[in-house]
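Working notes, beginning with the structure itself.
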Amino acid sequence: MSRPTATKRVPVLRLAGIERHYKEGAGRLNILSGANLSVYPGELVALVAPSGAGKSTLLHVAGLLEKPDAGDVFIDEKPLGELNDANRTIIRRLQIGFVYQFHHLLPEFSALENVMMPQLIRGLSKAEAAKRAAELLSYMRLGERKDHRPSELSGGEQQRVAIARAVANAPRILLADEPTGNLDPTTAHYVFDALAALVRASGLAALIVTHNMDLAERMDRRITLNAGKIVEF
Ligand SMILES: Nc1ncnc2c1ncn2[C@@H]1O[C@H](COP(=O)(O)OP(=O)(O)OP(=O)(O)O)[C@@H](O)[C@H]1O
């Protein structure tokens, strides 16, 4: 079936024929068996699947943390399979932001410093990093809280700092594993709204693992894993 408008768009993230298997005794456990996915600029895709279906494995492959056994990952249609480990690390640092269920903020640093950190690692000056970090925290409605340490912030505030940190280096892709899984429903909605606004405003492609069907319904598309393949639902 031809879809003329869709074919003109270029996906930010494309997974093509991804296979991933693990050894199990004498046999093989096939987790991903020809998984295909395209995520477009500003799009939020919910990944909803039962425990053990391969959600983390898929995020790890998309995030260049694990190499697929077959198939390839494309960012802006550039294939990444041929890159050596050093170049994969560079692409991961610059192009991909990660958000986890638990924020993993550095406890002895302020919110501002936590968001500055990836930029300093990338080689930006302190002044440049502080400016962007302050802008991002204001966008996440945390301007007043930027000098607080994580222990002085609420769970929802901590998670918004973690989201700001994930996009500090202006990545192309945001990968999130249950980003609101640790929050009460009202806070989860608020944090999700902030995340969605950021993704749409910056044209990121976001792949978000969630068990929360309310949030999944508010994303642009919903996918699941069935026998190692990606299925829209
Ligand atoms: N390094 C590994 N070696 C062997 N088996 C693995 C390895 N990593 C994951 N698995 C297995 O692959 C399957 C998929 O794991 P994965 O963590 O991707 O699932 P998931 O959908 O994220 O599950 P959950 O929701 O419980 O986190 C599981 O059965 C798991 O035990």
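Read the numbers this way: they start at 1 and go in the same order the structure lists the ligands and their atoms.
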(request) Establish whether atom 30 (C) of ligand 1 and some protein heavy atom are separated by less than 4.0 angstrom. (result) no

(message) Around atom CD of Glu82, are there more than 12 heavy atoms from other residues, nucleotides or ligands closer than 6.0 Å?
(response) no

(request) Among all protein heavy atoms, pick out the one at the shortest distance from atom 13 (C) of ligand 1; state its residue, atom name and that distance to 0.1 Å. (result) Ile31 CD1, 3.3 Å

(message) Taking Asp85 first and then Lys67, would you say they form a salt bridge - that is, a charged N and a carboxylate O separated by under 4.0 Å?
(response) yes

(message) Check this for me - ligand 1, Leu29, N or O atoms closer than 3.5 angstrom, yes or no?
(response) no

(request) Tell me which protein heavy atom sits closest to atom 26 (O) of ligand 1, plus the residue, atom name and distance to 0.1 Å. (result) Ser51 OG, 2.6 Å

(request) Would you mind checking which non-hydrogen protein atom is closest to atom 15 (O) of ligand 1, with the distance to 0.1 Å? (result) Thr57 OG1, 3.9 Å

(message) For Arg20, run the side-chain hydrogen bond (donor to acceptor under 3.5 Å, both in side chains) check against Asn30, Thr57, Asp69 and tell me which one passes.
(response) Asp69

(message) I'd like to know if Asp193 pairs up with Arg160 as an ion pair, taking the criterion as any Lys NZ or Arg NE/NH1/NH2 lying under 4.0 Å from an Asp or Glu carboxylate oxygen.
(response) no

(request) Closest by any non-hydrogen atom to atom 25 (O) of ligand 1: pick that one out of Lys55, Glu66, Gln101. (result) Lys55

(message) Which heavy atom of Ala129 sits nearest to which heavy atom of Leu124, and what is that distance?
(response) N-CD2, 4.5 Å

(request) List every atom of ligand 1 that sits less than 4.0 Å from any heavy atom of Pro50, numbering the atoms from 1 in the order shown and giving each element. (result) 21 (O)

(message) Do Arg132 and Gln119 have side chains that approach each other closer than 4.5 Å (heavy atoms only, starting at C-beta)?
(response) yes

(request) State the atoms of ligand 1, each with its element, that fall below the 4.0 Å cut-off from a heavy-atom position in Ser56. (result) 17 (O), 18 (O), 20 (P), 22 (O), 27 (O)

(message) Whether the side chain of Asn169 engages the backbone of Gln95 through a donor-acceptor N/O pair (distance < 3.5 Å, no angle test) should be reported.
(response) no

(request) Using a cut-off of 6.0 Å, state whether more than 12 heavy atoms not belonging to Arg92 lie near its atom CZ. (result) yes

(message) As a test of the contact definition, would atom 18 (O) of ligand 1 count as having a protein heavy-atom neighbour under 4.0 Å?
(response) yes

(message) Suppose we measure from atom 10 (N) of ligand 1 to each protein heavy atom; which comes out shortest, and what is that distance?
(response) Tyr22 CE1, 3.4 Å

(request) Measure the distance from atom 23 (O) of ligand 1 to every protein heavy atom, then report the residue, atom name and distance (to 0.1 Å) of the closest one. (result) Gly52 N, 2.8 Å

(request) For residues Leu204 and Pro171, report the shortest heavy-atom separation together with the two atoms involved. (result) CD2-O, 3.1 Å

(message) So if I count the atoms of ligand 1 from 1 in the order they appear, which ones are less than 4.0 Å from some heavy atom of Gly54?
(response) 14 (C), 16 (P), 18 (O), 19 (O), 20 (P), 21 (O)

(message) If we only consider heavy atoms of Ala49, is any one of them less than 4.0 Å away from an atom in ligand 1?
(response) no

